[in-house]
There are 2 protein chains.
Amino acid sequence: MPSPARPPRGPKPTRMDADQLLDAAQEVFGREGLRAASLRAIARQAGCDPALIYYHFDSKEAMFTALLAKRFPPLVEDLRRLADPADERHTALRLWDVLGLYHRHLGGDPGLRGLIRGEIVRGAEGIQELIQSRVIGAATQVRALLEQGIARGEVRKDLHTLLSTFFLLKLQLEILDVLPVIAPRILGLPPEQAVAEGERAWLQLFWRGIAADPTAPLPPLPAIHD
Amino acid sequence: MPSPARPPRGPKPTRMDADQLLDAAQEVFGREGLRAASLRAIARQAGCDPALIYYHFDSKEAMFTALLAKRFPPLVEDLRRLADPADERHTALRLWDVLGLYHRHLGGDPGLRGLIRGEIVRGAEGIQELIQSRVIGAATQVRALLEQGIARGEVRKDLHTLLSTFFLLKLQLEILDVLPVIAPRILGLPPEQAVAEGERAWLQLFWRGIAADPTAPLPPLPAIHD
DNA sequence: GCTCCAATTCAACGAATGTTGAATCATGCT
DNA sequence: AGCATGATTCAACATTCGTTGAATTGGAGC
């Protein structure tokens, strides 16, 4: 008799490398958070068996750290370029580019930001330190940019650059994360437009708050292209 | 022979009402998040059996909504008092009081903020809408306060009051939530002091960003007492 | 064509979870 | 004193989770 059509056991025609698994993991981690995301859900997203994950990674935690190691360096590298002291443009424009960078790297749907959200505060022991060091590495570049602004006389001298960096980046993450969800309800806008408007309003407020001369007009901000 | 000392089955000498269970739930929800918090952990925190929770509540979700229903109205009521149009004080001072209110209601350890964090974006269907409506109720009061500031000529006329309210409150939540955790590492400060300094710096930046005359000095801000 | 290896799946384990039904006790009312 | 009722616990259920070991197979190299 014909055997009850079992799917084949061995390797599929389309191989699956670690990167594809990481993409699926990012999707699910971003949706559910590290703890709530199940390996079975990740496997379903990737279209494979949960056990395959253990062929490529040691554990769920190892998968998470591998994801960080894959996604953070490009962001930090781009930030480093933006913080190049040779860049003579207006500081406000450079900060606008920082927001755009975060938008492109973390704004995607659903993106890394859902992944670093929450874990930084509530994450397990090792994870927490890991993420913090990554985030701090990124923030350092932005802080340097602010200090260049002070040296150029465009930013007020008495600014607390560390806290201001925290403000700028944290709120940009909130804009990317929360605004698309609540925009239809409180703004009556489609998600993308709400994010664009929020980013503009935020940089305008922030710049006025830190500028050496807050009455000087802000240079025109180009659209954030992603 | 003596029966192997079993703890008694029936009611304990100290009765446990729903409120005590909610306090324990808030502690654990704040620490772990809605999904990761287990009823067994809540019961351990309260010092009772998990099954007792089902005597007082229908389910874990019902417990969560009961917690919201208990903790949000007092916050909104206090905000409503702050937004009283008869309050003639400087708008910056009133906004400072708003931050103080959030500090007192949500800053405690661990407090409600850990509870609304994350669920607003990633929460399950019903939960998400529930929290959003509660949060919007609170934000409406703050927005009214900003609009009074415009009417009094203290706040710039072209301000987007809805987005600005979002900025003010969301960043205050981040200050309460994240700063205590990362302060020892990046600021070299004890948590409480980092929060106090962060709140001051944030209101100064925010006010400068929204003031009709950003060069006018900010009135002195009293300490936030909790 | 044979062999070997890398990639994949299956089936199961132990632990933890939300939830329930029955059992037990303390207390207040009559 | 007796009884009903409300408060509490116990033990178990089905489900899901992370993880593992063995089994299976496609393809590369010879």
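Letters go in sequence order (proteins before strands), and every chain restarts at 1. Keep in mind that what you see is a predicted model, and the values were worked out from it rather than measured.
Between dA12(C), dT8(C), dG21(D), one nucleotide has an atom nearer to the side chain of Tyr55(A) than all others, and that is dT8(C). Checked against dT8(C), dT20(D), dC10(D), the side chain of Asp49(B) finds its nearest nucleotide in dC10(D). Taking only side-chain atoms of Tyr54(A), from C-beta outward, the nucleotide of dT20(D), dT9(D), dT19(C) with the closest atom is dT20(D). In the set dT19(C), dT19(D), dT8(D), the nucleotide with an atom closest to the side chain of Arg40(B) is dT19(C).
Separating the CG atom of Asp58(A) from the P atom of dG21(D) is a distance of 13 Å, rounded to the nearest angstrom. One interatomic measurement links the two molecules: CG of Asp17(A) to P of dT8(C), which rounds to 9 Å at whole-angstrom precision. One interatomic measurement links the two molecules: CZ of Arg44(B) to P of dG18(C), which rounds to 11 Å at whole-angstrom precision. Distance Arg35(A) CZ to dA16(C) C1': 11 Å, rounded to the nearest Å. The distance from atom CG of Leu21(A) to atom C1' of dT9(C) is 14 Å, rounded to the nearest whole Å. Rounded to whole Å, atom C1' of dG18(C) lies 16 Å from atom CZ of Phe57(B). In this entry the distance linking CD1 of Ile42(B) with C1' of dT17(C) reads 12 Å, nearest Å.
Checked against the 6.0 Å centroid criterion, the rings of Phe167(A) and Phe206(A) do not qualify as a close aromatic pair.
Not counting sequence neighbours, Trp96(A) has no partner by the ring pair (Phe, Tyr, Trp, His ring centres under 6.0 Å) test.
Ala18(A) comes within contact range of no nucleotide atom at all, as no heavy-atom separation falls under 4.0 Å. When heavy atoms are screened at a 4.0 angstrom cut-off, Ala37(A) is found touching the sugar-phosphate backbone but no base atom.
A salt bridge links Arg80(A) with Glu77(A); the closest basic N to acidic carboxylate O contact falls under 4.0 Å.
Neither OP1 nor OP2 of dA6(C) sits under 4.0 Å from any side-chain N or O of His56(A). For Ser38(B), no side-chain nitrogen or oxygen approaches OP1 or OP2 of dA16(C) to under 4.0 Å.
In terms of modelled atom types and a separation under 3.5 Å, the side chain of Arg35(A) and the main chain of Arg35(B) share no donor-acceptor contact.
When all heavy atoms of Leu176(B) and Glu199(B) are compared, the pair lying nearest together is CD2-OE2, 3.7 Å.
The residue among Leu52(B) and Lys60(A) whose nearest nucleotide of DNA chain D is located toward the 5' end is Leu52(B). Both Ala51(B) and Ile53(A) lie close to DNA chain C; mapped to their nearest nucleotides by heavy-atom distance, the more 5′-ward contact belongs to Ile53(A).
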